[in-house]
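For reference, the structure discussed in these notes is given below.
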Amino acid sequence: MAKLHFKSLLCLMQKRFLTTSSTLYTSSLPSSSSTLLSPSYTAQFLVKSCGLPLDSAISISQKLNLDENKRQKHESVLEFLKSHGFSDTHVAKLVSKCPPILQARVDMLKLKIDYLHDSGFVGPVLHELIVSNPAILRRSLDKQIKPSFDFLKEFLETNEKIAAAIKRESWLLTFDLKKILKPNTILLINEGVPHSRMSKLITLQPRVIMQHVDRMVYATERARSLGIKPTDPIYVTAITVILSMTESTWKRKVELYEKFGFTEVEILKAIKRQPHFMACSEEKIKSLMNFYTNTMKLKPSAIATYPRLLLYSFDARIRPRFNVLNILASKKLLKKHKKIAWLLTQSEASFLTNYVIKYVDQVPDLMELYRGVKKIDL
């Protein structure tokens, strides 16, 4: 009861604040301008009609001034959105992200919504798209939205595939088509990336083509210097990894691997087998390489052969497996010809069956050791 009473009191105080602030604001203006562009009206409308919290409404009203004489227009925008299935929560998020939407023309909104609907965005999918990127409703239908769809259709062919790509990255519809998206795709195609691979890239990793063109040029040149060809299956992954860091970060990671004994050839070998070898944080590289080289006595050449070793979780995978293999080796149950690095890469089911369950009778605590219930010092 006390909580309910407090909320009611707070709500009353908020309303009183809005009413009072409106009176104070308008009374301080000349009579000719007292009804124009009142921030207090804006705050009131955002709270009462759009469902925004008072603090958000006040913050927005400092940047956006709604003309009280155009209240019907603002309300018509809300009515239009709700008539197309947007919930109160959707509306609040949409207005919070893009307040100027309240000043939009309903007839223009209708054209865009109808086009998106015809393009495969229906119901919740449409609502999620607009709420995630409200800028779509503020961009020109003929100059931005339609050309973006046409561009995507060159590679994805069907509305269903286009919808899937846009759902993954809604900014594909509003990003700079002429200066970013088209030049980047043309660059990759000219490099020799097959059309089918471009389609997968846009569908699964659309942010790759949303980089500044000079960054894309750098990435393609770096891939070429590594000997990775555009027709190689790993090419797109390599480009993605290269783009994920600055040139200086890339160089630091190469130097870090060299400190642990990798040769340039071994680094290139590892990258070609698994480009994410370079995506690991410097902290993780130091931590795992210290363990692999100092505790497990693995050579850089072995790690270069199995570069996925740098991607695994130490606590969830490496430590438990090392504990098991260490115990088995101490009891002479592990065949000497088995490569330890290779065993770390085996699937969970394979490792559990062949190196844990198989020996639980001979090593009673083996399962507990593997599950981390029982610990040993490394």
Side-chain angles (χ1 to χ4, degrees), residues 151-157 161-162 164-165 168-169 172 175 177-258 260-282 284-285 289 299-312 341-342 345:
F151 162 74
L152 293 173
K153 206 158 192 173
E154 290 180 29
F155 299 96
L156 307 183
E157 298 177 353
K161 290 181 180 179
I162 294 173
R168 184 180 293 271
E169 183 51 76
L172 279 171
F175 219 69
L177 186 62
K178 293 182 179 179
K179 294 182 179 180
I180 301 292
L181 299 185
K182 278 191 173 181
N184 279 336
T185 53
I186 290 172
L187 174 60
L188 290 173
I189 290 171
N190 288 342
E191 282 289 314
V193 178
H195 188 278
S196 60
R197 200 155 291 155
M198 283 298 303
S199 299
K200 288 184 178 179
L201 184 153
I202 294 172
T203 302
L204 302 176
Q205 297 172 304
R207 292 202 174 193
V208 171
I209 61 169
M210 297 169 74
Q211 307 288 324
H212 286 293
V213 178
D214 58 344
R215 286 285 296 157
M216 186 65 78
V217 171
Y218 158 72
T220 56
E221 290 176 349
R222 170 70 70 182
R224 197 181 306 122
S225 71
L226 295 171
I228 301 174
K229 300 176 182 178
T231 53
D232 292 342
I234 64 161
Y235 184 81
V236 170
T237 303
I239 291 292
T240 304
V241 171
I242 294 167
L243 289 171
S244 71
M245 68 191 82
T246 63
E247 185 174 6
S248 60
T249 299
W250 180 279
K251 289 180 178 178
R252 282 202 310 273
K253 290 181 180 181
V254 169
E255 291 171 358
L256 186 56
Y257 280 123
E258 289 175 341
F260 281 102
F262 280 88
T263 65
E264 183 178 345
V265 172
E266 287 169 341
I267 293 174
L268 288 176
K269 177 183 178 181
I271 294 173
K272 286 183 178 181
R273 291 195 171 201
Q274 177 48 260
H276 283 105
F277 176 77
M278 291 297 293
C280 302
S281 69
E282 292 171 67
K284 185 174 184 180
I285 293 172
M289 286 304 304
K299 294 182 179 180
S301 59
I303 298 171
T305 301
Y306 303 103
R308 288 190 63 83
L309 290 175
L310 269 295
L311 308 186
Y312 297 138
W342 175 78
T345 68

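Nothing here was measured: the structure is a model prediction, and the numbers come from that model.
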- Between CD on residue Glu191 and CZ on residue Arg224, distance to nearest 0.5 Å: 4.5 Å
- Message: Could you walk me through whether Phe151 and Leu172 satisfy the side chain to side chain contact (heavy atoms under 4.5 Å, CB included) test, starting with their C-alpha distance in whole Å, then the side-chain angles of each, then the deciding distance to 0.1 Å, before giving a yes or no?
- Response: CA-CA 10 Å; Phe151 162 74; Leu172 279 171; 5.7 Å; no
- Kindly determine whether Ile271 and Ile228 satisfy side chain to side chain contact (heavy atoms under 4.5 Å, CB included), including the steps that lead there. CA-CA 9 Å; Ile271 294 173; Ile228 301 174; 4.2 Å; yes
- Only one of Leu310, Val241, Leu311 forms a side chain to side chain contact (heavy atoms under 4.5 Å, CB included) with Gln274, so which one is it? Leu311
- Message: Give me the atom names and distance for the closest heavy-atom approach of Ile189 to Met198.
- Response: CG1-CG, 4.1 Å
- Could you tell me the separation between the NE2 atom of His212 and the NZ atom of Lys179, rounded to the nearest 0.5 Å? 11.0 Å
- Heavy-atom nearest pair, Pro275 first then Ala238, reads CB-CA, 3.8 Å
- Task: Nearest 0.5 Å please: distance from the CD atom of Glu282 over to the CE atom of Met245.
- Result: 9.0 Å
- First locate atom CG of Leu204, then atom OG of Ser199, and finally report the distance between them rounded to the nearest 0.5 Å. 10.5 Å
- Item | Qualifying residue for ring-ring contact (aromatic ring centres under 6.0 Å, His included) with Phe277, from Tyr257, Tyr312, Tyr306 | Tyr257
- Query: If you look at every heavy atom in Thr231 and Gly192, which pair is closest and at what distance?
  - Reply: CG2-O, 3.9 Å
- Query: Could you state the interatomic distance from CD1 (Ile267) to CD (Glu258), rounded to the nearest 0.5 Å?
  - Reply: 4.5 Å
- Query: Under 3.5 Å, is there a donor-acceptor pair between the side chain of Arg197 and the main chain of Asp232?
  - Reply: yes
- Message: Looking only at the side chains, is there a donor atom on one of Ser301 and Lys269 sitting less than 3.5 Å from an acceptor on the other?
- Response: no
- Message: Do Val208 and Met216 have side chains that approach each other closer than 4.5 Å (heavy atoms only, starting at C-beta)?
- Response: yes
- Item | Polar side-chain atom of Thr203 near backbone of Lys200 as donor-acceptor pair, under 3.5 Å | no
- Message: Does Arg207, at its CZ atom, have more than 12 non-hydrogen atoms belonging to other residues, nucleotides or ligands within less than 6.0 Å?
- Response: no
- Which pair of heavy atoms, one from Pro230 and one from Pro194, lies closest together, and at what distance? O-CD, 3.7 Å
- Task: Please confirm whether the backbone N or O of Thr305 pairs with a side-chain atom of Arg273, one donor and one acceptor, at under 3.5 Å?
- Result: yes
- Do Ile209 and Leu188 come within less than 4.5 Å of each other through their side chains, counting heavy atoms only? yes
- Query: Quick one: does Phe175's side chain get under 4.5 Å of Glu169's, heavy atoms only?
  - Reply: no
- Message: Does Lys299 have more than 12 heavy atoms from other residues, nucleotides or ligands lying within 6.0 Å of its NZ?
- Response: no
- Which distance, rounded to the nearest 0.5 Å, do you find between the CG of Leu226 and the OH of Tyr235? 10.5 Å
- Query: Would you call Lys251-Glu255 a salt bridge at under 4.0 Å N-O?
  - Reply: no
- Message: If you apply the rule side chain to side chain contact (heavy atoms under 4.5 Å, CB included), what do you find for Ile242 with Tyr218, and how did you get there?
- Response: CA-CA 9 Å; Ile242 294 167; Tyr218 158 72; 3.7 Å; yes
- Task: May I have the step-by-step check of side chain to side chain contact (heavy atoms under 4.5 Å, CB included) for His195 and Phe155, ending in yes or no?
- Result: CA-CA 7 Å; His195 188 278; Phe155 299 96; 3.8 Å; yes
- Are any side-chain N or O atoms of Lys253 and backbone N or O atoms of Cys280, one a donor and one an acceptor, separated by less than 3.5 Å? yes
- Over all atoms of both residues, closest heavy-atom pair of Gly261 and Glu266: O-OE1, 3.8 Å
